[in-house]
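Quick caveat, the model's predicted, so the values are computed rather than measured. In the text below, chain A, chain B and the rest are named by the order of the sequence lines, each starting its count at 1.
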There are 2 protein chains.
Amino acid sequence: MNLQVLPSILLLVSAVHAFQYSELAQYVDNHQEDYVETLREWVAIESDSSNVQKRPELHRMMETVAQKLRLLGGTVELVNVGEQELPDGQTLELPKVVTAQFGSDPSKHTVCIYGHVDVQPAKLEDGWATDPYNLTEINGNLYGRGASDNKAPVLAWIHAVEAYQALSMDLPVNVKFVIEGMEETGSNGLDAMILAQRDTFFSDVDYIIISDCGWLSRRPALTYGTRGNCYFFAEVEGPKQDLHSGVYGGTVIEPMTDLIGILDTLISPSGKILIPGIREAVAPLSDEEWRLYQDIQFDLDDYKNKIGVSQLMYNNKVDLLAHRWRWPTVSIHGIEGAFSDPGTKTVIPAKVTAKFSIRQVPDMDPAIVKKQVTDYLHSVFAKRKSPNKLKVTMVIGAKPWLADIQHPLYEAGKAAVKRVFSVDPDLIREGGTIPIARTFQDVTAKSIIMLPIGGFDDGLHSQNEKMSRYNYIEGTKLFIAYLNEVSQIKTTSV
Amino acid sequence: MNLQVLPSILLLVSAVHAFQYSELAQYVDNHQEDYVETLREWVAIESDSSNVQKRPELHRMMETVAQKLRLLGGTVELVNVGEQELPDGQTLELPKVVTAQFGSDPSKHTVCIYGHVDVQPAKLEDGWATDPYNLTEINGNLYGRGASDNKAPVLAWIHAVEAYQALSMDLPVNVKFVIEGMEETGSNGLDAMILAQRDTFFSDVDYIIISDCGWLSRRPALTYGTRGNCYFFAEVEGPKQDLHSGVYGGTVIEPMTDLIGILDTLISPSGKILIPGIREAVAPLSDEEWRLYQDIQFDLDDYKNKIGVSQLMYNNKVDLLAHRWRWPTVSIHGIEGAFSDPGTKTVIPAKVTAKFSIRQVPDMDPAIVKKQVTDYLHSVFAKRKSPNKLKVTMVIGAKPWLADIQHPLYEAGKAAVKRVFSVDPDLIREGGTIPIARTFQDVTAKSIIMLPIGGFDDGLHSQNEKMSRYNYIEGTKLFIAYLNEVSQIKTTSV
């Protein structure tokens, strides 16, 4: 894009944009009931990507997204990304990836918006106050699985485009979409698809925008880093089938005892990772980083109250934020194959599989972590001299991602936040993983920004996930404003 | 009963009985398809007593039993045994206990047959080859949840009575039934019911017979002891709801880490119980007991192959049988509240409850074990200095039971086995728990025998539970023969 223009003309352009924004914002306010209704339809589709039995729902979800984008006149494709191999050796068709394009004006910047419409598992009996797949509004919050992660943000982007169109305003940038359906289980197939389309779909993309995260407080935020994640299955197999614990207890070394024993060697009581080599790989905290963390608006007591614990792992803001964002963590999620229902069952489970994951930060490398964890668990298991068999598998290996906060994309983000919310955003990182950020960076070499609209208390991956109506609607306005700001980025290569 | 009879008359009586037996056995053979069909109907009722949502099925099961006994002309009652308190404080109606009586001739002995018709949980996806609630015959085995534990044995007793009736033969003894529906979860309400009816229903009972167990090998067995069971819930509660492990990991001490940590202090890698005081309470193995164990038909390699492990906890018969029957064991059954489905979920579970149980043997006392376990877990938890909360509950506390193998009931058992199977039975104990045996002993002071007909490989409490057609049908004959043998027991008080 060539921007050889005079200062006076730039001012004029700026004034026109300001005018456009308030009209667009008004349009959004007027259509918020429609937006909520569409979110309700999307949440009603149980697009749980981790449950193979829900795969038909997931396919239906992708078709719904494609149809929505087609109705807006986009050039839409449902890209086949192949099959998924299941642990039992069978294969299952992956949900197609939806790509779309609005505008192809070479004089404009082109942004590519990434989002996902698959969700984490959710069942009413997990402790939800409302049916997780029936969007329910209570006190301005829209409760439902996937509401915040990531269906409402995807819809907000689509509605941003729609608003420009409805008011017959030109989109200030060309807008592309890449919407996938396997994010929650590691974005299977997407890496290969990005690589395959690097020189086609992605060739004219200037910037990539991801809104799959949330604010840190009530203050809007821009996100410049995420942790990666290595997800492990540790399976201990003993007898050929489950046994009655009365009839057989005392005659076999039980797989559960072995599994509990090796899991207990992962983390110290205070939360320290005990796997050799993991902590040594972490980049040291710089003074600059320390200062940045000091400036962030974050109240430890609020955080403690929000999650409902009497004591946090660290008692000062910098340590807590650093361990949330830039240090690795081990979390043990659960055990498959053992008795997990209410009530009592006197069983010796024959094969039990622990699920745990280790969040990744610079300069950890998932390939090395995989070996460290596998070797370590096999060595502690060997010491038990158990007749049972251990199998360790890394099923997800996602790298961390870190952006340059001096980049114009972040300046544009600050301006857009200021326009819509009249405050400066916090510059934050994300403890969670958006693996695709790293892939976009590595494969396309484009600049990336994470522009969240989710609230700090949305309950992602847990019971009672919600998106507030305020964040959903104001977030749509933020996206409208942001497209505008991005259009004004001066490229260095004129 | 007065048995002042001459030897010659006894011989005649014996001859008449022999004749009756072959007619009865023929009747059983001729009706085996009907017996299998009735078992199919009973297995189809999902009478899982541990799952409160299945309670209506359990009520239907008890009504089915009562109706079956009514049709045979028994005096049947459905005894209300009150309500069950659930962990959340709500109450739920307990399944009624079915009592029945056939005959009240004061010149005959009276036996009381105890059985249960509730079952352990079972789901096809646990790894069953067939629908657990659709009785399926494969190679002479009848697969289905509850087939062996304990529906077929209960039916075999009922069919034994039916056979005498069908051939218009007098029952050689008066027969009473006590059939309950809460055995798998601790026989709630039954203790109180037995106590309440001690001087009414149980007042004329001479002997109690329980067939809720199995043989040790292909050789029939009589069982003279069972282990008790103390079942514990250890709940660790942290955040007020589940958290995303990326967003929150590194800032909270996770309840799963704490729970794994305390569970790992229960048992050593070689299976040794680490809770102070437990092993010290066990009665020492006598020389007599050692010799009895030596004589039992039991092949370690067969056992190893049957359960499919490469190595057992003990490598000689006596140690293995002793640890199966007369030493305590700790089994960790599973964890409620953690992620247990297939696939991946990046959750920090907020509240996790481990389920484990400790089999009880003489001279352990559940009341003391409860205190030992609770104190121990709280002490190891305290050392972790965790901000999370631990709650330890003992939800089942069943004492062990041991009979005198010199008692005439056991002599009658040997004779009946000899008649039907032409071999001498093994005298064995049972690693599992039939809590009611101990209650009958303590409350009624009657003599008790356990007369199993289940096979050694029936897979109780595990996937693919089955009852072989052979054991079901020959077992019915054994019960017919046993009633006859019991009628000939000479009471000492004439």
Side-chain angles (χ1 to χ4, degrees), chain A residues 50-51 120-121 185 231 238-247 249-254 256-257 260-261 263-264 267 269 271 307-313 320 323-324 327 329 331-336 338-340 343-348 355 357 359 384 387 431-433 460-463, chain B residues 50-51 120-121 185 231 238-247 249-254 256-257 260-261 263-264 267 269 271 307-313 320 323-324 327 329 331-336 338-340 343-348 355 357 359 384 387 431-433 460-463:
Chain A
S50 76
N51 185 342
Q120 284 275 316
T185 56
Y231 202 109
K240 64 183 172 189
Q241 63 175 13
D242 288 357
L243 301 172
H244 185 305
S245 67
V247 179
T251 66
V252 294
I253 300 289
E254 303 185 12
M256 267 298 268
T257 316
I260 297 287
L263 289 177
D264 192 30
I267 319 158
I307 59 186
V309 295
S310 62
Q311 190 192 312
L312 295 165
M313 220 185 269
L320 194 86
H323 281 84
R324 191 174 177 185
W327 287 96
T329 326
S331 293
I332 302 170
H333 309 296
I335 297 173
E336 182 183 345
F339 177 59
S340 58
T344 59
K345 185 178 183 183
T346 50
V347 66
I348 298 173
K355 317 278 178 85
S357 65
R359 293 289 158 178
R384 300 182 67 86
T433 304
L460 311 188
H461 293 211
S462 78
Q463 303 92 333
Chain B
S50 76
N51 185 342
Q120 284 275 315
T185 56
Y231 202 109
K240 64 183 172 189
Q241 64 174 12
D242 287 358
L243 301 173
H244 185 303
S245 66
V247 179
T251 66
V252 294
I253 299 290
E254 303 185 11
M256 268 298 268
T257 316
I260 296 289
L263 289 176
D264 192 30
I267 320 158
I307 58 184
V309 295
S310 61
Q311 189 192 314
L312 294 166
M313 220 185 272
L320 194 86
H323 280 85
R324 191 173 176 186
W327 288 94
T329 328
S331 293
I332 302 170
H333 309 296
I335 297 173
E336 182 183 346
F339 177 60
S340 59
T344 59
K345 186 178 183 184
T346 50
V347 67
I348 298 172
K355 316 278 178 88
S357 64
R359 294 287 158 178
R384 300 182 67 86
T433 305
L460 311 189
H461 292 212
S462 77
Q463 303 93 333

(message) If I measure from the heavy atoms of chain A, does T185(B) come under 4.5 Å with its side chain, its backbone, both, or neither?
(response) both

(request) Counting only heavy atoms closer than 4.5 Å, note whether R384(A) contacts chain B via side chain, backbone, both or neither. (result) both

(message) Measuring from atom CD1 of I267(A) to atom CD1 of I260(B), what distance do you get when rounded to the nearest 0.5 angstrom?
(response) 8.5 Å

(message) For the interface with chain B, which of A338(A), P387(A), G238(A) has the highest count of heavy-atom pairs at distances below 4.5 Å?
(response) P387(A)

(request) Using modelled atom types only, decide if a donor and an acceptor are shared between the side chain of H333(B) and the backbone of V347(A) within a distance under 3.5 Å. (result) yes

(request) Select one option (side chain, backbone, both, neither) describing which atoms of Q241(A) are under 4.5 Å from chain B's heavy atoms. (result) both

(request) Look at L312(A), L460(A), V247(A) and state which one has the largest set of heavy-atom pairs under 4.5 Å with chain B. (result) V247(A)

(message) For K355(B), which atoms come within 4.5 Å of any heavy atom of chain A: side chain, backbone, both, or neither?
(response) side chain

(message) If we define contacts as heavy-atom pairs under 4.5 Å, which of T433(A), D242(A), I335(A) has the most with chain B?
(response) D242(A)

(request) Measure S357(A) against the heavy atoms of chain B and call it side chain, backbone, both or neither at under 4.5 Å. (result) side chain

(request) Compare every heavy atom of Y231(B) with every heavy atom of T346(A), then report the nearest pair and how far apart it is. (result) CG2-CE1, 3.7 Å

(message) Heavy-atom pairs under 4.5 Å with chain B - which of M256(A), R359(A), H323(A) has more of them than the others?
(response) R359(A)

(request) Starting at OG1 of T329(A), measure out to CD1 of I348(B) and round the result to the nearest 0.5 Å. (result) 7.5 Å

(message) Using a 4.5 angstrom heavy-atom cutoff, name the option from G261(B), S310(B), G308(B) with the most pairs to chain A.
(response) G308(B)

(request) Would you mind checking which part of S331(B) comes under 4.5 Å of any heavy atom in chain A, side chain (CB onward), backbone (N, CA, C, O), both or neither? (result) both

(request) Let me know if Q120(B) has heavy atoms under 4.5 Å from chain A in its side chain, its backbone, both or neither. (result) side chain

(message) Return the CD1 to OG distance between I332(B) and S245(A), rounded to the nearest 0.5 Å.
(response) 11.5 Å

(message) Return the CG to CG distance between L263(B) and L263(A), rounded to the nearest 0.5 Å.
(response) 10.0 Å

(message) Taking side chain as everything from C-beta outward and backbone as N, CA, C, O, which of these in Q463(B) sits under 4.5 Å from a heavy atom of chain A? Side chain, backbone, both or neither.
(response) both

(request) Return yes if a side-chain donor-acceptor contact under 3.5 Å exists between S340(B) and S340(A), otherwise no. (result) yes

(message) A side-chain contact here means heavy atoms from C-beta on lying under 4.5 Å apart; do L243(B) and S462(A) qualify?
(response) no

(request) Examine whether an atom of R324(B) lies under 4.5 Å from a heavy atom of chain A, and if so say whether it belongs to the side chain, the backbone or both; otherwise answer neither. (result) both

(request) Identify the two heavy atoms, one from S50(A) and one from T344(B), that lie closest to each other, and give their separation to 0.1 Å. (result) CB-O, 3.6 Å

